[in-house]
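What follows is one structure encoded as structure tokens, with my remarks underneath.
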Amino acid sequence: MKDLGALLEERFGLSPRAIHLLEGYEDKTYRIDSPKGRNVLKTHTAKPGVIHHLTLENEFVQALDESLPYDFPLPLKTTDGSKWEPYGQKLIRLLPFLEGDFLAEVTHTDKLLESLGTFLGKVNQVGMSLTPETVLTGAPAWDLQHLPFHKQNLNALEDPKDRALIEYYLLQYDQIVEPWRYSLRKCLIHNDANDWNVLTQKGTVSGIIDFGDMCYSWLINELAVALPYVLAEREDPLRVAGIVIKAYHREFPLKREELELLYYLIAGRICMSLCNSARAAKLRPESDYIRISELSMKQLLHKWISISPEAAANCFLEAAGLETLEFNEADDYISRRNEVIPRSLSLSYSHPIVMKRAAFQYMFNNRGNRFLDAYNNIMLVGHCHPGVVEATTRTLHRINTNTRYLYSEILNYSEHLLSYFPPKLNRVFLVNSGSAATDLALRLSRAYTGRDKILALKNGYHGNTLAGIAVSHYKHKKGISYPDTLLCPMPKAFGSGLPDDGSAGSYFTKFAKELLAENPGQVGAFIAEPVMGCGGQVPLARGFLPEVYNDVRLQGGICISDEVQVGFGRLGSWNWGYEKHGVIPDMVILGKPMGNGHPIGAVVTTAEIGGAFDSGPEFFSSFGGNPVSCAAGEAVLRVLEEEGLKAHALDTGTYLKAAFHELSTRHKALADIRGDGLFLGVELLDPLGKPNTALAQKLKNELRDSYILIGTDGPCNNVLKIKPPLPFNQANCDELIGQMGRILENLPDS
Ligand code: PMP
């Protein structure tokens, strides 16, 4: 075979002085220096698909070159007028070397962004005017119409947290983009206006190279592909996108639905780029080129997830001068709600929020505002985590039935869940809520011990059923009291005047001992949360639980740990709160985070206690343990393990606690900072040392106005509750602390 130099001489009339191989994906690209100047030479495999692509590319580039005052890589002809030349198994093409700096190399001024929009609008206008005889499907890896192609590449991504974000957007694509598949406008698009393909001169776009990914796709994909590269590393990505879109729309008007879907398509392109670079990195670990935009795309992905799709749609619609999305006011909802829902179901905040959607640690209201969720412990692995969404919907599409049949989901999940407990706790009853679990635990303890009396803690909360409320001083203190419940004062070291080195614990134990002594041999069970949630994020005083467990057992009772709030690794160092206290209960109540929002709860207990119903009443729950709920529970455990969320809770919680301590040096109102992992409480006192309920409410409401969600609780409602979805990260902690600091600065006496 002739060498390249000789071929160039003979077929293109060039005498190359130097031939440099440039970096690229699959086809080879060379820079040719000759007395006639610089050229680019590209090699392609001579397959029918490639020839089809090159034919259409020539048609498109020719049309662009003829109609627009920009630089395009129009191939140079061979001496006999052909646009390519066979070269062994390959074809070669000679292209002009386009002058200019790449978009990646220059500052993205507003003028430059505007010129990018104008340029892409013009390119697409030409693309739309062509009616190619044959349609060119893009490589599925790079055509946004085929985003689901990347489901198979997810495993190439090393970080499971990145993978979760990508899976999230793949599922959103299925829900939101897919229904438009057959109605979006299509045309030939360049499909790769990335910042190393777009050329600029004197601060405006001057041309584009590399039509290798050109395809017949949704028109809006041109923008979706181009935008991530100008949005990356920008503080205000929506403003930047708005400039490009406005200019584009002036050249070539976009349709409403195209702009409404653009948020998801941009997300799709970011995901696609990350999947492709992860896959390519596995195949060619030595190449840096293929990972060129990985870091900035990753950062953009993590930023994009915190942007409301509604806010993005409105920004894009506004840029195009189209009417923005409509939303209803909270008042409309409140008046409707008051007509049908009793007022005892309270609303949060003085200005309640109309929530529209949520993703991981973020929630979005109907107006497109993004709220940082520092409060919802139910969404343990993150709002709408794709692992849970996918597992539940997949099962729901196949079967949902009850425990009267045999199916693998309940067995897999029960085995997996029980592996988190010591061998003694080896039976599980699955129900649909924490309350149902408490109720069942109390019934079981009665059946097992034959006793009615329950020892519980003041300010505890265990559920909303009749029996649950009976043992929940937190709620029943305002109404009826229950004679069978014996209440021990809340064993809270802070404020007791005793240190939490065992002294406070043994002080509170005395009350339990007295109650047991007054009711000799009558207490069937002792129920307690290891860290009291509704009581105000109170870790039980050190030493209290081991001693009370011992006393209760000595008089023939059993011990129940309510792990509904704190279970599943949230505490960082332990899976379950009882581990913190060095005890093993006889029964454990689970709920809230167990299904990441799917209604599932459980009682985990010993074989003996679990057998208490074996002769006598049958236990059946229509929904408890159904395949869909078990799939949710299993997905939660899998995500916890894969994403290492327990360790993450420890790291993030330690960071946040330290930041609260630092804040408390400037604001004495933050009197006690307590808790473990991502289950923290901040107790607020006034200068006289009294509960500062007003400040707690003010902080909660002002944080809400700064788009951060936290709760307040405790008997005086003066404790800030922080128990976010576990994807909550250090940047989120900084935001929370920064806003709290700002609010406190403006308050006297804080
Ligand atoms: N136990 C504790 C500790 C709780 O916090 C709750 C709910 N707040 C429950 C039980 C009852 O759970 P559910 O609301 O799922 O019935």
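The structure displayed is predicted, hence computed values, not measured ones. Each ligand, and each atom within it, is numbered from 1 in the order the structure gives.
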Check: Short N/O distance, under 3.5 Å, between N464 and ligand 1?
Finding: no
Notebook entry, point to check: What protein heavy atom sits nearest atom 5 (O) of ligand 1, and how far off is it?
Noted result: Q565 NE2, 2.8 Å
Notebook entry, point to check: Can you find a pair of side-chain heavy atoms, one from I399 and one from Y407, that are under 4.5 Å apart?
Noted result: no
Margin query: Check R542 with D501, please: is the shortest side-chain N to carboxylate O separation under 4.0 Å?
Written below: no
Check: Are I673 and L680 side-chain neighbours, meaning at least one heavy-atom pair lies under 4.5 Å?
Finding: no
Next item on the list: Starting from atom 16 (O) of ligand 1, locate the nearest protein heavy atom and write down its residue, its atom name and how far away it is, to 0.1 Å.
Entry: S435 OG, 2.4 Å
Check: Between K580 and E563, does at least one N-O distance fall below 4.0 Å, as a salt bridge requires?
Finding: no
Check: Which protein non-hydrogen atom lies closest to atom 1 (N) of ligand 1, naming both residue and atom, and how far is it?
Finding: D562 OD2, 2.6 Å
Item checked: Mode of E529 contact toward ligand 1 - side chain, backbone, both, neither (heavy atoms, under 4.0 Å) -> side chain
Next item on the list: Report yes or no: does N377 contribute a side-chain atom to a donor-acceptor pair with the main-chain N or O of Q565 at less than 3.5 Å?
Entry: yes
Margin query: Heavy atom to atom 15 (O) of ligand 1, shortest distance: which of G434, A528, A436, G591 holds it?
Written below: G434
Next item on the list: Please report which non-hydrogen protein atom sits nearest to atom 10 (C) of ligand 1, along with the residue it belongs to and the distance in Å to one decimal place.
Entry: H462 O, 3.2 Å
Checklist line | R370 and E735 ion-paired at < 4.0 Å | finding: yes
Checklist line | Closest to atom 9 (C) of ligand 1 (judged by heavy-atom distance), picking from I527, N377, V531, V564 | finding: V564
Notebook entry, point to check: Does the distance from a Lys or Arg side-chain N to an Asp or Glu carboxylate O, for R570 and D676, drop under 4.0 Å?
Noted result: no
Note to self: At less than 4.0 angstrom from any non-hydrogen atom of S433, what atoms of ligand 1 do you find?
What the structure shows: 15 (O), 16 (O)
